[in-house]
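Notes for the one structure printed next.
First the proteins, then the strands, lettered A, B, ... as listed; each starts at 1.
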Number of protein chains: 2
Amino acid sequence: MVQIPNQPVPPSPAQRPVPTSADVARLAGVSRATVSYVLNNTSAVRISEPTRRRVHEAAKDLGYVPHAAARSLRAGHSRMVLMPAPAVPVGPLYSRFFSELQGALGRLDYTVVQYGSAGLHGDEAARAWAELRPVAVLVPGSGLGPQGVAVLKRSGARAVVTLGPERVEGAHALLMDHDRVGHSAGVHLAARGRRRVGVVVPEEPGLEIFSRPRLEGVRRALGGTGATTTELPLAYEEEAAARLAARWRELGLDGVFAYNDEYAMLLMRALQDAGIAVPEETAVVGADDLMLGRLLRPRLSTVHIELPSGRDLAELVDRAVREPGAGPETHEVLGARVVHRDSS
Amino acid sequence: MVQIPNQPVPPSPAQRPVPTSADVARLAGVSRATVSYVLNNTSAVRISEPTRRRVHEAAKDLGYVPHAAARSLRAGHSRMVLMPAPAVPVGPLYSRFFSELQGALGRLDYTVVQYGSAGLHGDEAARAWAELRPVAVLVPGSGLGPQGVAVLKRSGARAVVTLGPERVEGAHALLMDHDRVGHSAGVHLAARGRRRVGVVVPEEPGLEIFSRPRLEGVRRALGGTGATTTELPLAYEEEAAARLAARWRELGLDGVFAYNDEYAMLLMRALQDAGIAVPEETAVVGADDLMLGRLLRPRLSTVHIELPSGRDLAELVDRAVREPGAGPETHEVLGARVVHRDSS
DNA sequence: TTGAAAGCGTTACCAA
DNA sequence: TTGGTAACGCTTTCAA
């Protein structure tokens, strides 16, 4: 970092203590209760207009901001919905889903907070989340066990929702079974007459949650057909792809499900550079239906993935919070369908 | 969403109240103070081993989890570092930077929280953040004014750091001037002999913070050279790119800075489909140095962007928190250099 | 080694 | 219409 000469230190704000509602009350010449009434527009109590004005003015003068912790301590509950911040960079698909969710929850007057649980794992992380006493917890991926769910519920969470491959006892589940993604691709490749199918499995850590089920899905699709499935570990690097392409003929594959569109692009480029014709010699199928697939030549066939709408999930959360008695819901939310273009 | 039949409602957990340290004390047959000592490993006080065991056991039996709000209320401070959650989907570059930052802050024992300020703007958002009494606030982009900084500081934030195009009075600044990105591209294109340069400006909302300075950077680079700069609004859609490519010859451009690698890919594909030779007829330069640029043919020239290391920023935050008296630091942190490949 | 009590900032109940 | 007071869960000082 390049240091730029600093401004002169401004006349120190005297490290003056943070103003509280008591300070506002004192300045306005009223009680703390009155301050609370005025600032929260409590309808059960009528406060005279001059008093209101004095309170508001005092609050503004002092730069008073209420203390959320104190408030929720007193109230006994908060409207915080907590999600762990994703550790691995996450694609545009998930980003969009998440910001939709965040908007929808915001409209329902919840506050969404992503908690950076760097290094914490599983039920250990659950404890850290529980300390914040969120009203609901949304957990993508696997890693949260029934223990963790229990901890969260016992500490007041009225809804725990997992977004992942399997149900967890006690939690609502949005099942996102990536097996389906691989399965669609497998069915498609088989229908296109491919008999020896490779499946790219990224070597980057953190992607196993997706890549394993996708691989299994292909296997399942090809199970009865007599076609073979070959696992292809691949790092997201040009050289790795080139090495894989170099031994392609020896592998004898006539089709490949490349995990997603980005790996597909990487592999397809390497194959073409190695003189393998796509789709004639080898069909390539990606997943995620990103824009880039449409820009490749040949245009990339891909598995379009349908995530649940953020609004639906927000409503599930809201429902669960209002009626914590109801049993946990389970929804299958991952839609997968092949978009057939020119690479297969 | 497809509803799956729910399990039978489990014997309701009786909506039993959340266990407090008082409950633990009662069960262990000690006072609340002792519980606190044991669970926090307070070194100033020696507690007998049998007592410790009883307390730990009671805590585990009850599933006791301390209440973060109560704790920080009592302590008068927290170790929460707050960032607004990005509203627009953010690329892999920023994702990596952020998760590095999060890890580094975690190692310094801070808790990183991304706050979903859906809909809130500027100083209004600052108030919402201030309610959480974070010890530090990191704000990417513009939008936070001196007012907002003041609100945050008065409510106890010991460090406010902006990551954006300009300094804000009272806050530490990590200046990320995207003008530099455009400038590098402009200098490069001029050096390659291009005289009529187009600059793609995405139509997607939320990207102006980056696209405007990048455009200005190109203008600045080309200012003295007699070369022209043409603004090219472009939506991230194939049709929009095709329309732009269709009138390319009429625009008479011999070079284009395409905002970033993804827009560059979009535009380059459209140009090639329209029979415009890249780089012979028109040079194309992207930005971000993503993998995909290396996979295109011709390989995409791009502006490699260097973000500060998450560790450096974490240390800045830590320093600022420990010594809030020191004046705000300003650092230029955005490095930009052209990676020349085959498209220019 | 342990316990009693005060206090952090809020809000809600009950009196005045 | 307003104010006093208690309570939320926790930590820490002081006393025993």
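- Residue B:I47 contributes atom CD1, which lies 14 Å from atom P of D:dT11 at whole-angstrom precision.
- Applying the side-chain hydrogen bond (donor to acceptor under 3.5 Å, both in side chains) rule to A:D318 yields the partners A:Y110, A:R322; only residues at least two apart in sequence or on another chain are considered.
- The nearest whole Å value for the distance from the CZ atom in A:R26 to the P atom in D:dG4 is 13 Å.
- Checking the phosphate oxygens (OP1, OP2) of C:dT2, a side-chain nitrogen or oxygen of B:S48 falls inside 4.0 Å.
- For B:A33, the side chain to side chain contact (heavy atoms under 4.5 Å, CB included) criterion is met by B:S31, B:Y37, not counting sequence neighbours.
- A:R311 pairs by the salt bridge (Lys or Arg N to Asp or Glu O under 4.0 Å) definition with A:E315, not counting sequence neighbours.
- A:R53 has its CZ atom 16 Å from the C1' atom of D:dT1, to the nearest Å.
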Side-chain donor-acceptor pairs under 3.5 Å in residues 98-105 of chain B, sequence neighbours left out?
| unit_1 | atom_1 | unit_2 | atom_2 | d |
| --- | --- | --- | --- | --- |
| B:E100 | OE2 | B:G310 | N | 2.9 |

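- The side-chain hydrogen bond (donor to acceptor under 3.5 Å, both in side chains) search around A:S142 returns none, not counting sequence neighbours.
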* Structure fact -> With B for base contact, S for sugar-phosphate-only contact and - for none (protein heavy atoms under 4.0 Å), nucleotides 7-16 of chain C reads BBBBBBB---
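- Across the protein-nucleic acid pair, A:R46 atom CZ and D:dG3 atom C1' stand 18 Å apart, rounded to whole Å.
- With rounding to whole Å, B:R54 atom CZ is found 14 Å from C:dT1 atom P.
- Within the 4.5 Å cutoff, the side chain of B:S21 has no heavy atoms near those of the B:P66 side chain.
- Here A:S72 lies out of heavy-atom contact (under 4.0 Å) with every strand.
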